[in-house]
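Letters go in sequence order (proteins before strands), and every chain restarts at 1.
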4 protein chains.
Amino acid sequence: MRIKDTAPAAAPRRGRPRSPEVRERILAATEELLSEGGFQAVTVEAVAARAGVAKTSLYRWWPNRAAVALDCVSARMTPIADEAGMGGFRERFRRQLKATIRLLNSPQGQAILALIGAKQTDPALAQSYSEQIARPRRAQTRMLLQQATRAGEIAAGTDPDVFLDAIYGPLYYRKVVSGEPVTDEFIDRIVDAAFIAFGAKPGAE
Amino acid sequence: MRIKDTAPAAAPRRGRPRSPEVRERILAATEELLSEGGFQAVTVEAVAARAGVAKTSLYRWWPNRAAVALDCVSARMTPIADEAGMGGFRERFRRQLKATIRLLNSPQGQAILALIGAKQTDPALAQSYSEQIARPRRAQTRMLLQQATRAGEIAAGTDPDVFLDAIYGPLYYRKVVSGEPVTDEFIDRIVDAAFIAFGAKPGAE
Amino acid sequence: MRIKDTAPAAAPRRGRPRSPEVRERILAATEELLSEGGFQAVTVEAVAARAGVAKTSLYRWWPNRAAVALDCVSARMTPIADEAGMGGFRERFRRQLKATIRLLNSPQGQAILALIGAKQTDPALAQSYSEQIARPRRAQTRMLLQQATRAGEIAAGTDPDVFLDAIYGPLYYRKVVSGEPVTDEFIDRIVDAAFIAFGAKPGAE
Amino acid sequence: MRIKDTAPAAAPRRGRPRSPEVRERILAATEELLSEGGFQAVTVEAVAARAGVAKTSLYRWWPNRAAVALDCVSARMTPIADEAGMGGFRERFRRQLKATIRLLNSPQGQAILALIGAKQTDPALAQSYSEQIARPRRAQTRMLLQQATRAGEIAAGTDPDVFLDAIYGPLYYRKVVSGEPVTDEFIDRIVDAAFIAFGAKPGAE
DNA sequence: CGGTAACCGAGACGGTACGTCCCGTCTTAGT
DNA sequence: ACTAAGACGGGACGTACCGTCTCGGTTACCG
């Protein structure tokens, strides 16, 4: 996605430069449509009409509507608040998971879920999602885990991906796959289980 | 979905009865298309053409292509092999998860993933998925958990949904959300973690 | 049309006889639909539904919707009022033409016009129209012409079809072809012209 | 119909201009279908397929198949040959009527009759027919009448519409309504009658 | 008086065409 | 070179009716 942003090399870049206002209008229109009718309301024609922009201008910079929506979400997505310093890491992980749930329940989250849905049948979108959404978020959460490990609350040799999947997995599973509600109590239990399984043994050195 | 199958009560069933052959041809065609081109090859027109059936016959019984694909998958989905009697429950859960991964990697699984994708923006489909796919499978895996609990390998008070989400969640999360590969080693670690967290304490009675 | 009414010969007619109530309900429903939405509202399905009758019962007795509408009109069409005895024949012809215009402007007439329209591309309907509508009406008007001839108001050798087409033709032409309005004054002039052209010469014997 | 052809004013005409070739291909395909299977062969899908054109290109410029057929006929219809200078006006009117009959008997005429039929139940088509076919033809024939009037063969005060309806009406009536054949002799008699009724009186000044 | 033939309701079925939505490409002209 | 505008070929949608075909149930006639 957004392949054309990174020009092939140091081409001299002649002609009129890209209008930043156009990009802004497109992303704003996309955001509106996303929150009004979900991803399936984000058609190229609707975005172009709403943004007062030609379809050409969309296709010039994005390969398809999914890329636009993804760009919109990733450009505007709230970064994960760290909310550091309060309580132990178990509590901080709980807060992070609960913040994630709140995000997924918001209109934004609706868009994210729609993108997750769409990428199941769109490999290019899947890769973009991975690069622009999944990995950056994982990098952020991984930092909290490193702190917890350094603080001796998580066992030293723990594979960070296994740990993080163990706590985020059940949450997304309910939200995306099974459709069962995700309660705070459920999150507590999942985090507790992770701390039992991966927590540093008290006597261990 | 398939609302019309279960008549409200003992309606006298007048008129020409539904042809089972038509239903069969439709599901067969759907299955073929599903394995050839994934869910996005399952268009109503393609299914009708392949099945030698009128489009109206499809719309008479299913509201849209997703419902057809779902019916196809749920009617033909390999039930979870129990493979009982071999080894401890930890090993049996591992085998179940690995079978799930194999299923999700198959053309069938491609269809299931596509349905999971589509249901993110289609509440009716979401409900059907829940009823026809998610709950039946959960019921099956829950039985294995009960056996494990009775056998004293899982702690008595464990909430079955929490336990099952704790092992299936990470798997689906990788497959559906993050897109990271799911290795056998990953499954082993996740199951191990669950048995640490929810396993019966040796000395406990 | 209504081919099946006249059984091939004196077939013994076994089995349940045709229900007259069904025919009545069908024609009544057709009449309603005709006056509500014109001929194009008279679909087989709509008639059947409105009449509380199976489509089969329609197709058993009529080959298509046009035949039903035609049957409806011809069975219910107001016969041409003779209004005899008042005034000369010129006046009587004027009254007949004006009555015809009133008929064509009524919902019934809408149906007749629709049938005239439909028969342009349906030879079978054209023939039925000719037999069930056109010729009977022509026979009626011809009688008035005969009286006028006998009374010495129309020249003796006049071809009745030429005379009648000369007065009905302009009327229908405006209504069916050109779409121009048909005023009473127009009718007066046309009838006058016909009486000039075909009227008996005063001195002639 | 064809509303969009005549832009409201001097709109700057942005965007890709309408391809005249597409219009041509559509009308040609329509003409073929019209002469092969009559108006009912002119389906939007058939026209599009035959013309090698997308259905959307049809719907972009015409509201329905009737409008296309009408456009086809009006764009290609043989103008009424004047055949001036030969014989008196009575003879010239006869020739015009006979040419009209020949036209109505041709495949073109079949199309015109089909349109006359269709417009009985389609007000928009009726208006278009009136504007694009009826009035232009009437304007042409009216000119001949004017000449005849100036030449002193038709009485001075004659209402042109009454006269023209008096000669064209019976012709169309037979063709469209009653279905009786239109012979040359019939035409002769009708024209004669009109000249008796509306002809200039020899001694009149 | 019991068969049975034709009626009637209901509605499934294969099919044609409809008119619409949106896609992604393209051709203009204007800036 | 970028933009707005929009025509174009195309694919699929979901709907409306068509005319045919089972079904089960219901009469009237005829043997």
Side-chain angles (χ1 to χ4, degrees), chain A residues 11-19 21-22 40 42-49 51-61 63-65, chain B residues 4 11-19 21-23 40 42-48 51-61 63-65, chain C residues 11-19 21-22 25 40 42-49 51-61 63-65, chain D residues 4 11-19 21-23 40 42-49 51-61 63-65:
Chain A
R13 294 296 280 118
R14 299 225 301 150
R16 193 188 198 181
R18 177 175 186 182
S19 151
E21 196 210 328
V22 166
Q40 61 193 4
V42 182
T43 67
V44 171
E45 309 226 320
V47 171
V53 144
K55 280 201 293 174
T56 329
S57 295
L58 274 159
Y59 282 112
R60 216 189 316 279
W61 304 109
N64 52 49
R65 72 204 187 100
Chain B
K4 299 150 193 165
R13 278 311 277 121
R14 302 243 263 149
R16 190 187 200 178
R18 179 174 184 182
S19 153
E21 196 209 328
V22 165
R23 174 170 213 272
Q40 60 193 5
V42 182
T43 67
V44 173
E45 307 225 317
V47 171
V53 144
K55 269 204 297 176
T56 38
S57 294
L58 272 159
Y59 283 112
R60 218 188 313 279
W61 302 107
N64 52 49
R65 72 203 188 100
Chain C
R13 289 302 276 119
R14 299 230 300 152
R16 192 189 198 180
R18 178 176 184 181
S19 152
E21 195 211 327
V22 166
R25 284 220 306 267
Q40 60 193 3
V42 182
T43 67
V44 172
E45 309 227 318
V47 171
V53 144
K55 278 201 294 172
T56 328
S57 295
L58 273 159
Y59 283 112
R60 216 189 315 277
W61 305 108
N64 52 49
R65 72 203 188 103
Chain D
K4 299 152 193 164
R13 277 312 277 120
R14 302 243 265 151
R16 190 187 198 178
R18 179 174 183 183
S19 153
E21 196 208 328
V22 166
R23 174 170 212 271
Q40 61 194 4
V42 182
T43 67
V44 173
E45 307 224 316
V47 171
V53 144
K55 269 204 296 176
T56 38
S57 293
L58 274 160
Y59 282 112
R60 217 187 314 280
W61 302 108
N64 51 51
R65 72 206 188 99

Which nucleotide, E:dG14, F:dA4, E:dC23, lies nearest any side-chain atom of A:Val22?
F:dA4
For B:Val47 and B:Val42, the nearest pair of non-hydrogen atoms, with its separation, is CG2-CG1, 3.7 Å
What is the distance, to the nearest angstrom, from the CG atom on D:Asn64 to the P atom on F:dA16?
19 Å
Within the pair A:Thr56 and E:dT25, is there a side-chain N or O less than 4.0 Å away from OP1 or OP2?
no
Comparing C:Ala54 and A:Val42 on DNA chain E - which has the more 5′ nearest nucleotide:
C:Ala54
How long is the straight-line distance from OG1 of D:Thr43 back to CG of D:Asn64, given to the nearest 0.5 Å?
12.5 Å
Run the side chain to side chain donor-acceptor pair (under 3.5 Å) test against A:Arg65 and tell me which residues pass, sequence neighbours left out.
none
Take atom OH of A:Tyr59 and atom C1' of F:dC2, then tell me their distance rounded to the nearest Å.
18 Å
Tell me whether the OP1 or OP2 atom of F:dT3 has a side-chain N or O from A:Arg60 closer than 4.0 Å.
yes
What is the distance from NZ of A:Lys55 to P of E:dT28, rounded to the nearest Å?
17 Å
Taking for each residue the nucleotide of DNA chain F bearing the nearest heavy atom, is the 5' side occupied by C:Thr43 or by B:Arg65?
B:Arg65
Report yes if a donor N or O on one partner sits less than 3.5 Å from an acceptor N or O on the other, where the partners are the side chain of B:Arg16 and the base of F:dC23; otherwise report no.
no
Would one find a side-chain N or O of D:Ser19 under 4.0 angstrom from OP1 or OP2 of F:dA7?
no
Whole angstrom value for the distance that separates C1' of E:dA12 from CG of B:Leu58:
13 Å
Contacts of C:Ala51 and B:Pro17 projected onto DNA chain E by closest heavy atom; the upstream (5') one is C:Ala51
Give a yes/no answer on whether the side chain of B:Trp61 brings an N or O atom under 4.0 Å of OP1 or OP2 in E:dA12.
no
Measure from CD on C:Glu21 to P on E:dC7 and round the result to the nearest Å.
16 Å
If each of A:Val53 and C:Glu45 is mapped to the nucleotide of DNA chain F with the nearest heavy atom, which maps nearer the 5' terminus, i.e. the 5' end?
A:Val53
How close or far is atom P of E:dA17 from atom CD of C:Gln40, stated in whole angstroms?
19 Å
Which residues pass the side chain to side chain donor-acceptor pair (under 3.5 Å) test with A:Glu45, not counting sequence neighbours?
A:Lys55
Cation-pi check, D:Arg18 onto D:Trp61 ring (under 6.0 Å, within 45° of axis):
yes
